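Shown next, in structure tokens, is the structure this report addresses.
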Protein chains: 2
Amino acid sequence: MRILIVEDDANLNRQLAEVLKEAGYVVDQAYDGEEGHYLGDAEPYDAVILDIGLPAMDGITVLEKWRGDGKTMPVLILTARDRWSDKVAGIDAGADDYVAKPFHVEEVLARIRALIRRAAGHASSEIVCGPVRLDTKGSKATVDGVALKLTSHEFRLLSYLMHHMGQVVSRTELVEHMYDQDFDRDSNTIEVFIGRLRKKIGNDLIETVRGLGYRMQAPGNGN
Amino acid sequence: MRILIVEDDANLNRQLAEVLKEAGYVVDQAYDGEEGHYLGDAEPYDAVILDIGLPAMDGITVLEKWRGDGKTMPVLILTARDRWSDKVAGIDAGADDYVAKPFHVEEVLARIRALIRRAAGHASSEIVCGPVRLDTKGSKATVDGVALKLTSHEFRLLSYLMHHMGQVVSRTELVEHMYDQDFDRDSNTIEVFIGRLRKKIGNDLIETVRGLGYRMQAPGNGN
DNA sequence: AAAGACGAATGCGCATTCTGATTGTCGAGG
DNA sequence: CCTCGACAATCAGAATGCGCATTCGTCTTT
């Protein structure tokens, strides 16, 4: 984990760096707004500690520029001023957390840990099978990057198959998972929907295992 | 957006609720730990304001129980100024932010905005979707730079959709986040407001996913 | 009093789903 | 290699129910 400290008070900067390094982080240091802004843009940090009152460029401005450039790393703001309007400005500019001077260095450490932990939990849930991508969070699917237009049942079917990739899924199993009530087992709806799905995502992806059911798998891949 | 306030000081509770409602949030109020814990478990809030010192059940305990039950909504903790060890305890229990008493209500408002924004994965206070810009700070929206004249419910609807861009949002979800407690679920209000919104921002932006709900997305872009 | 916002009710149009019949395919046994 | 039976795929029409526009009455705001 790599952290950037932007703080003009050399003493405080050094002190923070020490504690963070001790905690196992890699630390870069900047002593004014311009230097800090440049580093934050150029290097991939896992978190930034940013003072508000800085020479060369104000902390809020630095933050706004980063956010404007699409930088999303967590930023912890430091300020000596006890003015609540500064806090509000910092938060609205896209700060993730805030500590008022004077503070305990241990508190900063705890907050950095929390920020990094929180940022890590941002993994998008996506299942990929060959050219097909299933975005379970957004209820979307794409083939070769092109959005698929699926109906609700088609999506449920695809979703179940992709969640059980490589396995043979019986028709009974599919019926039981796609319909909550008891449903006419003698119907061939599943086959109909398999057909429609194949038409939309390509025939090679859903293999039919005669007498057993269906299996989804990336093509050109024996087992 | 729907917010829960857990605070035993009736005066402060009311004050917070007022400001939040004015800002367009739906607010539920609890006055002790047990009531708060129950509500937070039962209803889907977008954020919670939680006091540490509470009758019936301590704030930290409430938070720990929620996290233990898999609740992940952002929680803003209120704490006495000098007890910084409480802050660290709160953070470790899974709090997302804290404010020390006494505070300015505007600061709480700004922090709540930030928490909700961040939970949706947006760094800055502005969310953009094609020609539509949502200014969460000023509770305003524009299309192609032109200010929209939205009613309070229309704005809440647009806001929720934009905070969940790319995701399919069900009618139930929308009702639960736009209205408090009991509301006639068999009504078609959401559809009506979707219609009114589309009339103002254009039809292409809100896609309807039959049988599932609605999805907001920049047009001409499958992803 | 007037205007606007909100939400309930109605009916229509159409995408989606289901059904049943038909056609197509696989594989074992003669 | 051919045939036959079982299973799978396809198709079209029918039925279903979802979403939308619209209207209207109530409530709030000014």
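Since the model is a prediction, treat every value here as computed from it, not as a measurement. Numbered from 1 within each chain, the chains take letters A, B, ... in sequence-line order.
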Under a 4.0 Å N-O cut-off, is there an ion pair linking [X] with [Y]?
| X | Y | result |
| --- | --- | --- |
| B:E7 | B:K101 | yes |
| B:R113 | B:D135 | no |
| B:D96 | B:R67 | yes |

B:R156 or A:T151: which one's nearest nucleotide on DNA chain C is closer to the 5' end?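 Going by which nucleotide is closer to the 5' end, it is B:R156.
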Comparing B:L150 with B:S187, nearest DNA chain C nucleotide closer to 5' gives the residue B:L150
For residues 194-217 of chain A, which residue pairs pass the ring pair (Phe, Tyr, Trp, His ring centres under 6.0 Å) check, not counting sequence neighbours? none
Going 5' to 3' along DNA chain C, between which two nucleotides do contacts with chain A fall, using a heavy-atom cut-off of 4.0 Å? C:dT16 to C:dC26
So CG of B:L174 and OG1 of B:T189: to nearest 0.5 Å the spacing works out to 11.5 Å
Once side chain to side chain donor-acceptor pair (under 3.5 Å) is applied, do any residues pair with B:S139, and if so which ones, sequence neighbours excluded?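 Checked B:S139 against side chain to side chain donor-acceptor pair (under 3.5 Å); zero matches.
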A:K200: what forms a side chain to side chain donor-acceptor pair (under 3.5 Å) with it, not counting sequence neighbours?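 By the side chain to side chain donor-acceptor pair (under 3.5 Å) rule, A:K200 matches A:E154.
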Could you write nucleotides 7-13 of chain D as a row of B, S and -, 5' to 3', where a protein heavy atom under 4.0 Å of any base atom gives B, of only sugar-phosphate atoms gives S, and otherwise -? BSSBB--
List for me each residue that meets salt bridge (Lys or Arg N to Asp or Glu O under 4.0 Å) alongside B:E126, sequence neighbours excluded, and say none if there are none.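 Counting only residues at least two positions away or on another chain, B:E126 forms a salt bridge (Lys or Arg N to Asp or Glu O under 4.0 Å) with B:R133.
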